[in-house]
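Residue numbers count from 1 along this sequence. Computed from heavy atoms alone, side chains included, the values below leave out hydrogens, waters and symmetry copies. What you see is a predicted model; the values in this text were computed from it and never measured.
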Amino acid sequence: PVIIHDASLTRTTNGSGKVFDFTAEELYQLNAAHSQKSFGVLKIPSLSEALENLPTGAVANIEIKESKYNKSIFVDKIIEITKRYENKLT
């Protein structure tokens with residue numbers, strides 16, 4: 001799973017189309033700061049990368065966006081990943 005606000009890539013990245021139409025590897029090649037030039041180049045982070053960088057005691061609100069896949073696939077993976085960081089999260 002990756003961290004991105006919109007279900008579409010168009011507004012915030014230099015890509016276009018729906019997030020679910022791309023592999024994680026393809027998404028990592030995009031500039032997530034495309035609409036904010038002053039931020040330079042930022043890659044779309046994975047869920048693991050985002051959780052790793054949160055301060056201890058942080059609260060994470062994870063929303064599963066629109067997808068052509070069964071959401072239970074993502075739920076299982078998200079649970080697996082968040083369990084690795086449960087000592088860090090409240």
- prompt: Is the shortest distance from a Lys or Arg side-chain nitrogen in Glu63 or Lys65 to a carboxylate oxygen in the other one below 4.0 Å?
  reply: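 Result for this pair is yes, salt bridge flagged.
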Residue list, side-chain hydrogen bond (donor to acceptor under 3.5 Å, both in side chains) with [X], at least two apart or on another chain:
X	result
Ser8	Thr10
Glu52	Tyr85
Thr56	none

message: Test question: given the 4.5 Å side-chain rule for I, L, V, M, F, W and Y, name all other residues clustered with Val2, or answer none.
response: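 Val2 shares its hydrophobic cluster with Ile4, Leu9, Val19, Phe22, Leu27, Tyr28, Leu30, Ile44.
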query: With sequence neighbours excluded, what pairs up with Glu49 under the salt bridge (charged side-chain N to carboxylate O under 4.0 Å, His left out) test?
result: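 Once residues adjacent in sequence are excluded, the partners of Glu49 under the salt bridge (charged side-chain N to carboxylate O under 4.0 Å, His left out) criterion are Lys43.
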Show the atom names and distances, to 0.1 Å, of all donor-acceptor pairs under 3.5 Å that link a side chain in residues 73-81 to residues at least two apart or in another chain.
unit_1: Lys77; atom_1: NZ; unit_2: Glu80; atom_2: OE2; d: 3.4
unit_1: Glu80; atom_1: OE2; unit_2: Arg84; atom_2: NH2; d: 3.4

field: Nearest atoms (heavy-atom pairs only) where Thr13 meets Ala32
entry: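 Taking every non-hydrogen atom into account, CG2-CA, 4.1 Å.
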task: Taking all heavy atoms of Gly40 and all of Ala33, pick out the closest pair and write down the distance.
output: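 What the structure gives for the nearest pair is O-CB, 3.5 Å.
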message: With a 3.5 Å distance limit and no angle check, can you tell me whether Asn14 reaches the backbone of His34 through a side-chain donor-acceptor pair?
response: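 The answer is no, because no donor-acceptor pair under 3.5 Å joins these two groups.
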For [X], what residues pass the side-chain contact (heavy atoms from CB on, under 4.5 Å) criterion, not counting sequence neighbours?
X	result
Gln29	none
Ile3	Pro45, Leu47, Ala50
Lys18	Phe20, Asp21, Glu66

Pairs satisfying salt bridge (Lys or Arg N to Asp or Glu O under 4.0 Å), at least one member in residues 30-42, at least two apart: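 Applying salt bridge (Lys or Arg N to Asp or Glu O under 4.0 Å) to every pair that reaches into residues 30-42, excluding sequence neighbours, yields nothing.
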- request: Could you name each residue pair satisfying salt bridge (Lys or Arg N to Asp or Glu O under 4.0 Å) that touches residues 4-16, not counting sequence neighbours?
  value: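 Listed by first then second residue: Asp6-Arg11.
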